[in-house]
Amino acid sequence: KNEVEQSPQNLTAQEGEFITINCSYSVGISALHWLQQHPGGGIVSLFMLSSGKKKHGRLIATINIQEKHSSLHITASHPRDSAVYICAAQGGFGNEKLTFGTGTRLTIIP
Amino acid sequence: DTAVSQTPKYLVTQMGNDKSIKCEQNLGHDTMYWYKQDSKKFLKIMFSYNNKELIINETVPNRFSPKSPDKAHLNLHINSLELGDSAVYFCASSPDRASGYTFGSGTRLTVV
């Protein structure tokens, strides 16, 4: 069992829909990262959070430390949001490596 | 200006060869990383350097040797390449533990 699990693995939605991607982790963490990988392969860091909620444009990331769970939400989804979204758990002090989830492939249909 | 640049972008080579991938960041970050993304798109840490010092060395064959001549560069040298080394290799950097990562665009290595 992977230390970081994401669901769903694949998600197809219509343009405008509200999107939720979930991430659960079993390791102790100092932070949780959300990354976006476009079809061209490049990886962009979207959020790094250790508590609560962060918002950037139409993207919202939340984390519940007690439940070891994080969600990434996309409001008013658009075809350009189509990408693979990856969550990654950052270890605690002295072990800052990222452990990655398997990714969620999101496709937004116009 | 590219923040984290990797070269080459594509590398096709024969089994048994030795090759290097270079990474440079102009962000002034202290920590640099190498990640491997396999054919199933799963990312895994390989190495991490902080200010030229190795701090993370995951279970990677010793055919892989990172080299950091200064804190802006982290190169990856691979000896005796094998078919299973085919993957996309990403370099990344971060200023400190409390900050996000900046990734390079990746190097697609194909061993034939």
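To find a chain, count down the sequence lines: A is the first, B the second, and so on, and within it residues start at 1. Just so it is clear, the structure is predicted and the values come from calculations on it, not from any experiment. Worth knowing before you read on, the calculation uses all heavy atoms, side chains too, and leaves out hydrogens, waters and symmetry mates.
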(Q) Would you say the rings of B:Phe64 and B:Phe47 are close, in the sense that their centroids are separated by under 6.0 Å? (A)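 Ring centres of B:Phe64 and B:Phe47 not closer than 6.0 Å.
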
Q) Does the gap between the ring centers of A:His33 and A:Phe47 come in under 6.0 Å? A)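 Ring-ring flag for A:His33/A:Phe47: false, centres at least 6.0 Å apart.
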
Q. B:Lys52 and B:Asp70: salt bridge (charged side-chain N to carboxylate O under 4.0 Å, His left out), yes or no, with the steps?
A. CA-CA 6 Å; B:Lys52 301 195 301 174; B:Asp70 55 61; over 6 Å; no

Q) Among B:Ile78, B:Asp18, B:Val112, B:Leu81, which residue meets the side-chain contact (heavy atoms from CB on, under 4.5 Å) test with B:Thr13? A)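 So the option named by the test is B:Leu81.
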
Q. Is chain B contacted by the side chain of A:Ile86, its backbone, both, or neither, given a heavy-atom distance below 4.5 Å?
A.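 Side chain of A:Ile86 only, per the 4.5 Å heavy-atom cut-off to chain B.
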
Q | Region of B:Lys44 that comes under 4.5 Å of a non-hydrogen atom in chain A | A |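 Looking at B:Lys44, just its backbone touches chain A.
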
(Q) What part of B:Tyr101 gets within 4.5 angstrom of chain A, counting heavy atoms only: side chain, backbone, both, or neither? (A)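 When you check distances to chain A, atoms from both the backbone and side chain of B:Tyr101 fall under 4.5 Å.
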
Q.
Please rank B:Lys40, B:Lys41, B:Gln37 by heavy-atom pairs under 4.5 Å with chain A and give me the top one.
A.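 Winner by heavy-atom pair count: B:Gln37.
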
